[in-house]
Peer 1: 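Provided herewith is a single structure, encoded as C-alpha cells, for subsequent inquiry.
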Amino acid sequence: MSSSSPIPFNRPSLTGKETKYIEDAIKRCHASGDGFYTKSCHSFFEEKLGIKKALLTTSCTHALEMAAILCDVEEGDEVIVPSYTFTSTVNAFVLRGANPIFCDVRPDTLNLDDTKIERLVTSRTKVIVPVHYAGVACEMDSILKIAKKHGLYVVEDNAQGIFGKYKGRSLGSIGDLGTLSFHETKNINCGEGGALLINKAEMVQRAEVIREKGTNRSQFFRGEVDKYGWVDLGSSFLPSDILAAYLWAQLERWQSIQSKRREIWEGYQQNLTNWALNQGVRLPVIPAHVEQSFHLFYLILPSLEERSRFIAHLREQGIHAVFHYQALNSSPMGLKLGGRKGQCPISEKLSDQLVRLPLYNSMTEEEQWRVIDAVLAFQVRSSEKAKTESLAA
Ligand SMILES: *Cc1c(COP(=O)(O)O)cnc(C)c1O
C-alpha cells in the first residue's frame with residue numbers, strides 16, 4: 001500500500017480461518033442456530049469470562065432486548081441509563097414501555113456517574129444499565145450497592161468491553177445480565193452478532209425460551225420435556241451457525257487480537273501524551289483497578305470548533321477520525337421521552353469535543369505512525385487550550 005492511501009477509522013480484519021469454518025458449518029447440515037460452532041462459542045464465554053450461561057444472539061441490540069424482557073420491564077417502569085451511549089442501550093427498554101432516566105457520565109472514564117445514580121431512583125425504577133465505555137469498567141461496586149439497596153436489576157451493556165475486567169472480574173459477568181457485540185466495528189466480530197451473558201441461574205431457562213420464539217424447544221432437545229410448545233414471550237434472537245463459525249475463527253485468535261490492539265492503543269498513548277498536555281487535549285483515563293479492552297482510543301479537544309479543525313486536518317492527510325455519540329437526553333427521541341437539553345452537561349460536552357482515532361486489528365505500524373505524525377502536527381489555538389479543564393480527571 002502506498003504511503004498516501006487512505007487510513008480508515010475501522011477495517012474489519014480476518015484471522016484466516018473464517019471461510020474454512022463457514023464452509024464447514026454449511027457442510028455439517030446444521031446452518032440454523034445452536035449448532036456445533038454456536039456451542040463452542042457458548043462454552044468459550046462461559047469458561048473464559050466466568051459466566052453462568054452465555055447465549056449467542058443476532059446482535060448486542062437483541063441481547064439487550066432479551067435482557068429487558070427477562071427483567072420484566074413493563075409500561076411506566078424507569079430504567080437508569082447513561083446519556084453518553086448508543087441508542088440500543090435505551091431502545092431495548094423503551095420498546096417494553098419503560099421511561100429512560102438519563103444519568104450523566106463521569107468526567108474521568110466517561111462512564112455512568114455512580115455518584116449521580118441514587119438521586120434518580122424512584123419507586124418505579126427497575127433496572128440500571130452501566131455501559132463500559134471504550135471497554136473501561138464502570139464503578140461496579142457502587143452500582144451494585146445501589147442496586148441491592150433498592151432491589152434493582154443491573155444489566156451491563158458490554159458491547160465494547162470484551163475481555164475487560166473490573167477488580168479482576170470479567171466485564172459482563174458482574175451484573176445480573178451482560179451483553180456483548182460482534183458487530184464489524186468491535187474487537188471480535190462476525191459482521192453482525194452479539195451475546196447475552198446470564199449470571200443468575202434462575203434466569204437461564206427463561207432466556208432460552210425467549211430466544212427460541214417463546215417455546216421450550218431447548219429443553220425438548222435436551223430431553224427435559226416430552227413435547228415443546230408456546231410457554232412465554234419471545235422472538236427469534238439466535239444467529240445461524242454460519243455466523244457462529246465466523247465468530248469462532250476470531251475467538252480462537254482472541255489473544256493475538258487483544259495484544260495487537262493493546263500495542264496500537266499504547267502506541268497512541270505513549271506518543272501523544274506530551275503533545276496532549278501541551279495542547280490542552282484530554283486522553284483516556286484508565287483507573288488502576290481496571291483492565292480495559294483496548295476497544296478505542298479517543299481524544300477530548302477543547303471545543304467543537306477545534307474538534308472540527310482537527311478532523312478536517314486529519315482528513316486532508318487521508319486519515320479518517322470520527323466523533324462519537326450525540327448525548328441521548330437532548331436527541332430528538334430523548335426529548336420526546338422526557339430528556340432535557342442541559343440535563344447531562346458532561347455528555348453534551350463529549351458530543352462536541354470527543355474524537356476517535358483509527359484503531360483496527362490489521363493496522364500496520366506504518367499506518368499508525370502516519371496517524372501519530374498527523375496528530376502531532378496539529379496545534380490547538382492558544383485561546384482554546386484551557387477549555388478542557390472541566391473534563392480533567
Ligand atoms: C455497538 C454497541 C451496541 C450495539 O451492538 P450491535 O451488536 O450492533 O447491536 C450497543 N451498545 C453499545 C455501547 C455499543 O457500542
Side-chain angles (χ1 to χ4, degrees), residues 9-10 12 38 41 45 54-69 79-95 100 102-103 105-106 109-112 127-138 140 143 154-164 166 171-172 174-175 177-197 211 235-240 243-244 246-247 250-251 261 284 292-298 322-329 331 333-334 344 347 350-351 354 356 359-360:
F9 169 67
N10 178 60
T38 305
C41 294
F45 294 126
L55 293 172
L56 287 194
T57 56
T58 31
S59 63
C60 176
T61 301
H62 275 164
L64 289 161
E65 289 176 22
M66 284 183 67
I69 299 172
V79 176
I80 297 175
V81 293
S83 187
Y84 198 68
T85 185
F86 189 57
T87 56
S88 295
T89 314
V90 188
N91 261 332
F93 297 91
V94 172
L95 278 168
F102 299 107
C103 183
V105 295
R106 294 173 59 107
T109 57
L110 320 186
N111 279 327
L112 187 60
V127 188
I128 305 175
V129 193
V131 176
H132 305 299
Y133 183 69
V136 176
C138 293
M140 293 308 291
I143 293 169
V154 174
V155 176
E156 298 174 72
D157 178 345
N158 191 34
Q160 303 177 12
I162 191 167
F163 306 120
Y166 172 78
L171 302 186
I174 305 167
L177 297 163
T179 63
L180 295 172
S181 173
F182 309 115
H183 183 264
E184 179 169 273
T185 51
K186 302 303 198 300
N187 290 24
I188 305 276
N189 94 93
C190 64
E192 299 274 2
L196 179 68
L197 310 174
R211 181 167 165 270
S235 189
S236 188
F237 289 121
L238 71 175
S240 158
L243 280 172
Y246 185 144
L247 183 64
Q250 299 252 313
L251 288 176
R261 296 187 78 93
Q292 63 147 325
S293 69
F294 306 101
H295 176 59
L296 61 88
F297 194 93
Y298 62 79
V322 294
F323 51 81
H324 214 175
Y325 308 123
Q326 294 301 299
L328 294 179
N329 59 286
S331 66
M333 186 63 177
C344 299
S347 304
L350 295 170
S351 309
L354 184 142
R356 296 171 291 162
L359 201 175
Y360 41 88

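This is a predicted model, so every value here is computed, not measured. Note that these values count all heavy atoms, side chains included, but never hydrogens, waters or copies made by symmetry. Indexing begins at 1, ligand by ligand and atom by atom, following the structure's order.
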Peer 1: In terms of atom number and element, which parts of ligand 1 are under 4.0 angstrom from non-hydrogen atoms of Val131?
Peer 2: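 In order of number, 13 (C).
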Peer 1: Under a heavy-atom criterion of less than 4.0 Å, does Ala63 contact ligand 1?
Peer 2: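 No; Ala63 lies far enough from ligand 1 that no heavy-atom distance drops under 4.0 Å.
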Peer 1: Is it the side chain (CB and beyond), the backbone, both or neither of Thr61 that lies under 4.0 Å from ligand 1, heavy atoms counted?
Peer 2: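 The answer is both, backbone and side chain.
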Peer 1: Please identify which atoms of ligand 1 are closer than 4.0 Å to at least one heavy atom of Cys60.
Peer 2: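 Counting atoms of ligand 1 from 1, those under 4.0 Å from Cys60 are 4 (C), 5 (O), 6 (P), 7 (O), 9 (O), 10 (C).
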Peer 1: Can you list everything that forms a side chain to side chain donor-acceptor pair (under 3.5 Å) with Tyr325? Sequence neighbours excluded, please.
Peer 2: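 Partners of Tyr325 under the side chain to side chain donor-acceptor pair (under 3.5 Å) test: Gln160.
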Peer 1: Say whether, by atom type as modelled, one donor and one acceptor occur between the side chain of Ser181 and the main chain of Gly194 under 3.5 angstrom.
Peer 2: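 No, the answer is negative, given that no donor and acceptor are paired below the 3.5 Å cut-off.
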Peer 1: With a 3.5 Å cut-off and no angle check, do the side chains of Ser83 and Asn329 form a donor-acceptor pair?
Peer 2: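 Their side chains do contain a donor-acceptor pair, which is all the 3.5 Å distance test asks for.
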Peer 1: If you measure every N or O of Ser88 against every N or O of ligand 1, does any of those distances drop under 3.5 Å?
Peer 2: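 The answer is no, given that Ser88 and ligand 1 share no N or O pair closer than 3.5 Å.
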Peer 1: Could you check whether any side-chain heavy atom of Thr179 comes within less than 4.5 Å of a side-chain heavy atom of Leu196, counting everything from C-beta outward?
Peer 2: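 Yes, side chains in contact.
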Peer 1: Identify, for atom 12 (C) of ligand 1, the protein heavy atom at the shortest distance, and state residue, atom and that distance.
Peer 2: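 I find the closest protein heavy atom is Ala159 CB, 3.4 Å.
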Peer 1: Can you report which non-hydrogen protein atom sits closest to atom 15 (O) of ligand 1, along with the distance?
Peer 2: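 Result: Gln160 NE2, 2.8 Å.
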Peer 1: Show me which atoms of ligand 1 lie under 4.0 Å from any heavy atom of Phe86.
Peer 2: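 Reading through ligand 1 atom by atom, the close ones are 3 (C), 4 (C), 10 (C), 11 (N), 12 (C).
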Peer 1: Which atoms of ligand 1 sit under 4.0 Å from any heavy atom of Ser59?
Peer 2: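 Here the atoms of ligand 1 in question are 7 (O), 9 (O).
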Peer 1: Decide yes or no for Leu171 and Glu156: does some side-chain heavy atom of the first lie under 4.5 Å from some side-chain heavy atom of the second?
Peer 2: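 SC-SC contact between Leu171 and Glu156 confirmed.
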Peer 1: Hey, are the side chains of Met140 and Val154 touching, using non-hydrogen atoms and a 4.5 Å cut-off?
Peer 2: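 They are in contact (side-chain heavy atoms under 4.5 Å apart), so the answer is yes.
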Peer 1: Would you check whether Glu192 has a nitrogen or oxygen atom less than 3.5 angstrom from a nitrogen or oxygen atom of ligand 1?
Peer 2: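 No, there is no polar N/O contact under 3.5 Å.
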Peer 1: Starting from atom 13 (C) of ligand 1, which protein heavy atom do you reach first, and at what distance in Å?
Peer 2: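 Here the nearest protein heavy atom works out to Asp157 OD2, 3.5 Å.
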Peer 1: Output the list of atoms in ligand 1 that are nearer than 4.0 Å to some heavy atom of Gly193, sorted by atom number.
Peer 2: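 Answer for ligand 1: 7 (O).
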Peer 1: Side chain of Arg356, backbone of Phe297: donor and acceptor closer than 3.5 Å?
Peer 2: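 Checked: no pair found.
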Peer 1: With a 4.5 Å heavy-atom cut-off, do Leu247 and Ile188 have their side chains touching?
Peer 2: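 In short, these two side chains touch, coming nearer than 4.5 Å.
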Peer 1: Run down the list His183, Lys186, His324 and name the one with the heavy atom closest to atom 2 (C) of ligand 1.
Peer 2: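 Ranked by closest heavy atom to atom 2 (C) of ligand 1, first place is Lys186.
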Peer 1: Kindly write out the residues that satisfy salt bridge (charged side-chain N to carboxylate O under 4.0 Å, His left out) with Arg211, not counting sequence neighbours, or none if the list is empty.
Peer 2: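 Partners of Arg211 under the salt bridge (charged side-chain N to carboxylate O under 4.0 Å, His left out) test: Asp34.
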Peer 1: Which of the numbered atoms in ligand 1 are below 4.0 angstrom from a heavy atom of Tyr325?
Peer 2: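 Close to Tyr325: 13 (C), 15 (O).
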